[in-house]
Asks: 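One structure, pasted below without further comment.
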Amino acid sequence: MPTEAIFDRGHLPDESRPVHAWDDEGAPLVLWRNALRSAPSIEGFKEVRERHQIVGAVPGGGWMTEWQDPGAGTSFADPVVAWVVYSNGGAQPIDTDSSGEGMPLEPSVKDRRTYHPDQISDTPLPGEKTSGAEAEHG
């Protein structure tokens, strides 16, 4: 099964790079700046995990993803343009950046939530305070 190296990019979503080979000591090698490099030697390296293959895509269906900047106390929402479906049955939303390039969103981002405005009530982000009425029913 293919594997990928995951890199922490701070407040941005984690970056994933395919593992192309393994060195003699067993370290994963990834393509980095036009050369194969040992993933653990690259700043932000977190882990190696199984890489599931994309087997399809479906339209976004009205779903939204909301990004929050806790430091500035601001947020903005983008439409999910599509969902990628993986060989293990999982799916991830695709968002676009300022240049219009689409990318699957990592599920582990703390300051982002994905929701459908017609089906899901406002759900606080992990650690976000809720009002008394919401807390009683949630």
Side-chain angles (χ1 to χ4, degrees):
M1 180 63 68
T3 54
E4 63 186 345
I6 307 300
F7 299 89
D8 184 347
R9 298 188 327 164
H11 291 300
L12 298 172
D14 288 347
E15 182 175 349
S16 165
R17 299 245 175 173
V19 173
H20 291 285
W22 303 86
D23 69 15
D24 292 338
E25 286 78 39
L29 301 175
V30 297
L31 187 61
W32 192 267
R33 298 187 179 136
N34 297 322
L36 280 179
R37 290 199 37 207
S38 171
S41 72
I42 299 169
E43 184 178 346
F45 174 73
K46 287 173 55 173
E47 64 180 334
V48 172
R49 65 180 177 207
E50 187 177 330
R51 182 181 187 104
H52 299 287
Q53 301 299 308
I54 295 175
V55 294
V58 295
W63 286 76
M64 301 291 291
T65 189
E66 180 181 49
W67 300 88
Q68 297 199 352
D69 182 348
T74 60
S75 67
F76 66 93
D78 283 334
V80 171
V81 295
W83 294 84
V84 290
V85 181
Y86 291 94
S87 56
N88 69 343
Q92 283 182 288
I94 297 178
D95 189 13
T96 56
D97 63 15
S98 60
S99 67
E101 184 174 335
M103 63 185 226
L105 300 174
E106 294 294 324
S108 61
V109 176
K110 296 178 287 200
D111 299 325
R112 177 185 54 85
R113 65 176 153 207
T114 302
Y115 63 96
H116 195 287
D118 294 339
Q119 297 176 359
I120 299 175
S121 63
D122 278 342
T123 304
L125 290 168
E128 197 174 45
K129 295 189 189 281
T130 61
S131 69
E134 290 172 330
E136 289 174 15
H137 296 89

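The structure presented is a predicted model; accordingly, all values stated were derived computationally and were not measured.
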Asks: May I have the step-by-step check of side chain to side chain contact (heavy atoms under 4.5 Å, CB included) for Ile94 and Trp83, ending in yes or no?
Replies: CA-CA 6 Å; Ile94 297 178; Trp83 294 84; over 6 Å; no
Asks: Is Val48 linked to Phe7 within one hydrophobic cluster, defined over Ile, Leu, Val, Met, Phe, Trp and Tyr using a side-chain heavy-atom separation of less than 4.5 Å?
Replies: yes
Asks: Side-chain contact, heavy-atom cut-off 4.5 Å: Met64 with Pro79?
Replies: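 Yes, side chains in contact.
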Asks: Locate the shortest heavy-atom distance separating Ser41 from Ser38; write the atom from each residue and the value.
Replies: OG-O, 2.6 Å
Asks: Are any of the side-chain heavy atoms of Val84 and Pro104 separated by less than 4.5 Å?
Replies: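 Touching, per the 4.5 Å side-chain cut-off.
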Asks: Which pair of heavy atoms, one from Arg9 and one from Asp14, lies closest together, and at what distance?
Replies: N-OD1, 4.2 Å
Asks: Taking side-chain hydrogen bond (donor to acceptor under 3.5 Å, both in side chains) as the definition, give me every residue that meets it alongside Asp78, ordered by chain and number, with sequence neighbours left out.
Replies: none
Asks: Quick one: closest heavy-atom pair of Ser16 and Ile6, and the distance?
Replies: CB-CD1, 4.0 Å
Asks: Can you give me every donor-acceptor pair (side chain of residues 22-31, partner residue at least two apart or in another chain, under 3.5 Å) with its distance?
Replies:
from, atom 1, to, atom 2, distance (Å)
Asp23, OD1, Glu25, N, 2.9
Asp23, OD1, Gly26, N, 2.9
Asp23, OD1, Ala27, N, 2.8

Asks: Could you tell me which non-hydrogen atom of Gly60 sits nearest to which non-hydrogen atom of Trp63, and how far apart they are?
Replies: O-CD1, 3.1 Å
Asks: Indicate yes or no: at least one non-hydrogen side-chain atom of His20 is less than 4.5 angstrom from one of Pro18.
Replies: yes
Asks: Does Gln92 reach the main-chain N or O of Leu105 with its side chain, forming a donor-acceptor pair under 3.5 Å?
Replies: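 The answer is yes, because a donor-acceptor pair under 3.5 Å joins these two groups.
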Asks: Could you pull out the closest heavy-atom pair between Thr65 and Val80, with the gap in Å?
Replies: N-CG2, 4.1 Å
Asks: For Gln53, does its backbone N or O pair with a side-chain atom of Ser87 as donor and acceptor, under 3.5 Å?
Replies: yes
Asks: Decide if atom CD of Glu50 counts as having more than 12 heavy atoms of other residues, nucleotides or ligands within a radius under 6.0 Å.
Replies: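 Enclosed.
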Asks: Check for me whether the distance between the ring centres of Phe45 and Trp32 falls short of 6.0 Å.
Replies: no
